[in-house]
2 protein chains.
Amino acid sequence: MNTVTRPGLRERKKQRTRDALLQAALELFTTQGYEHTTVDEITEAVDVSQRTFFRYFAGKEDAAFAVQDIAHTRFAAAVRERPVDETPLEALRNAVLKDWDTIAEAVEQVVPIELYLRMCRLTESTPALLAAHLRRSDEVGEEVARVIAEREGLDVDTDPRPRVAVAVFAGVIRVMERRWGLSEDLGATETRALTVRYLDAVGPVLTEKWHADRGAADTPVNARGPQNT
Amino acid sequence: MNTVTRPGLRERKKQRTRDALLQAALELFTTQGYEHTTVDEITEAVDVSQRTFFRYFAGKEDAAFAVQDIAHTRFAAAVRERPVDETPLEALRNAVLKDWDTIAEAVEQVVPIELYLRMCRLTESTPALLAAHLRRSDEVGEEVARVIAEREGLDVDTDPRPRVAVAVFAGVIRVMERRWGLSEDLGATETRALTVRYLDAVGPVLTEKWHADRGAADTPVNARGPQNT
DNA sequence: TGTCAAATGTCAGTGGCTGTCATTAATCTC
DNA sequence: GAGATTAATGACAGCCACTGACATTTGACA
């Protein structure tokens, strides 16, 4: 009885159970800790059988990263869409920055962003989750490296440059992640600014002398005072 | 009755059990696969109770990385021993290269290197192991970043440069790992040469144009023919 | 040789995860 | 709209990693 063919009742129910499971899982993970949350607790909160949980998620871990996967997928897509006249690192950099603006609403359609952010912080402090996260990031890196290689018309298996470029970029992002995960007060704008700054710092880090000068240090950015989230 | 006080019978027995467990574990992992090997199989092979295994290793994973841990520890130590007049990246680079020469014998004292190498390859193709490996590498990176920061007299928590430098370095090493893990025939000498080449390629990758030129490609190295392992 | 402590074995239990099969509920067909 | 079809779910049984508690063995040492 609606203009566009809305998915049937069955499909809608499925979506609701999945959403409910995901939300309950993240809520429990972030309040009690990942390890201390059993799958039974999650399913009891949603009132489904344990078996049902494993029909929607490959495991606890899979639920924990369901939202992060959205971000990863979007990033890979964003890289693909960059104009070919950009250098690889420009493309990567612009891809994150551009995506950063729209990622929030995409996430919000599944779970509250605030919950997602709490989950990110938890990942940093839970060994099992951190391990899983790094592996997933590594996978994204591999995917992106292939995209870069194609852009540049190179064979990713013989020319190391695409993978090296992505590895360098991923390294910087990882430094950001850690930095962000540890500081309570780091809004989107500041994070964005720091990312740019860190990326720009890579060149000098490799070539110039460090020692006394504080060319890429944090303080100038933070000293500008709080910005909105 | 010996000149140097050799550890008592008790200590020697412990060492033997641990060695036996480790060897059996790696042997089974590399032949049947990590996931398809149960702890019971390992303990049966050594003829101890399952409980004993968990007294020596925190879990299956811990056994899988017992040897790799040696390499990690040695690398961190090697970085610490680099003269302070080297730039951070020089120090990191020289640390790997120097350590590479002596790591073989250190490993051999615990298990056959050939077994260790097989285990490395398995890590690359087993998601659970790859995740664990990346997390452990990340930990080493953090440790090394602190060492670098101290060398340069910087605060690792406010100045991003130590972590960025280590991240870049770690990224290149990771590219090497994957490259090595996938090719059957890549001896120590070739790996060493490739590492140097990749590290040298980081600068150009960031600044220069890529496209047609194959400045850092593999083929020249491989074309030099096989070298010893 | 007897005492102490460390190493090991035994056993019971928890939690993640899977296969199987019966049951329920949405969709399709006539 | 009643019945056939098919997908989602529930209910179990079972495997495996891992842990705690307690009993047993076995070097160490006086």
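In what follows, chains are A, B, ... by sequence order, proteins preceding strands, each numbered from 1.
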message: Can a side-chain donor-acceptor contact be found between Thr102(A) and Arg74(A) if the only test is distance below 3.5 angstrom?
response: yes

query: Hey, mind stepping through Trp100(A) and Thr191(A) against side chain to side chain contact (heavy atoms under 4.5 Å, CB included) and telling me if it holds?
result: CA-CA 10 Å; Trp100(A) 228 312; Thr191(A) 311; 3.7 Å; yes

- request: Take atom CZ of Arg16(B) and atom P of dA7(C), then tell me their distance rounded to the nearest Å.
  value: 14 Å

query: Any side-chain N or O of Thr52(B) less than 4.0 Å from the OP1 or OP2 oxygen of dA7(C)?
result: no

statement: Within residues 33-44 of chain B, those residues having any heavy atom closer than 4.0 Å to DNA chain D are Thr37(B), Thr38(B), Val39(B)

- prompt: Under a 4.0 Å N-O cut-off, is there an ion pair linking Arg174(A) with Glu177(A)?
  reply: yes

message: Below the 4.0 Å mark, does dT8(C) have OP1 or OP2 next to a side-chain nitrogen or oxygen of Thr17(B)?
response: yes

message: Side chains of Tyr116(B) and Glu108(B): any donor to acceptor distance under 3.5 Å?
response: no

Mind listing the N/O atom pairs, protein and nucleotides 26-30 of chain C, below 3.5 Å?
from, atom 1, to, atom 2, distance (Å)
dA26(C), OP1, Lys13(A), NZ, 2.6
dA26(C), O3', Arg10(A), N, 3.3
dA26(C), N3, Arg10(A), NH2, 3.4
dT27(C), OP1, Leu9(A), N, 2.8
dT27(C), OP1, Arg10(A), N, 3.0

- prompt: Looking just at side-chain N and O atoms, do His72(A) and Glu143(A) make a donor-acceptor pair shorter than 3.5 Å?
  reply: no

message: Between P on dC17(C) and CG on Leu21(A), what's the gap in Å once rounded to a whole number?
response: 14 Å

field: Within residues 48-58 of chain B or reaching into it, pairs that qualify as salt bridge (Lys or Arg N to Asp or Glu O under 4.0 Å) - sequence neighbours excluded
entry: none

query: Can you name the salt bridge (charged side-chain N to carboxylate O under 4.0 Å, His left out) partners of Glu114(B), sequence neighbours left out?
result: Arg118(B)

task: Answer yes or no on whether Arg121(A) is positioned over the face of Trp180(A), meaning its NZ or CZ is under 6.0 Å from the six-membered ring centre and within 45° of the axis.
output: yes

statement: In whole angstroms, the gap separating C1' of dT9(D) from CD of Gln15(A) amounts to 17 Å

- request: Using atom CG of Asp47(A) as one end and atom C1' of dG10(D) as the other, report the distance to the nearest whole Å.
  value: 12 Å

- request: Test salt bridge (charged side-chain N to carboxylate O under 4.0 Å, His left out) on Arg163(A) and Asp157(A) and set out the steps.
  value: CA-CA 9 Å; Arg163(A) 285 211 177 93; Asp157(A) 288 319; 3.7 Å; yes

message: Is the ring pair Phe29(A)/Tyr34(A) parallel, tilted or perpendicular, if the boundaries are 30 and 60 degrees?
response: perpendicular

query: Does one side chain, of Asp19(A) or Gln15(A), offer a donor that lies under 3.5 Å from an acceptor on the other?
result: yes

The helix from dT1(C)-dA30(D) to dC30(C)-dG1(D): angle between end helix axes, five pairs per end, rounded to 10 degrees: 10°

- prompt: Minimum heavy-atom separation for Leu129(B) to Ala64(B), with atom names?
  reply: CD2-CB, 3.9 Å

Contact pattern, 5' to 3', of nucleotides 18-24 of chain C - B, S or - by protein heavy atom under 4.0 Å: BBB----

- prompt: Reckon Tyr56(A) has a side-chain N or O less than 4.0 Å from the OP1 or OP2 of dA8(D)?
  reply: no

task: Tell me yes or no: between the side chains of Gln32(B) and Thr37(B), is some donor less than 3.5 Å from an acceptor?
output: yes

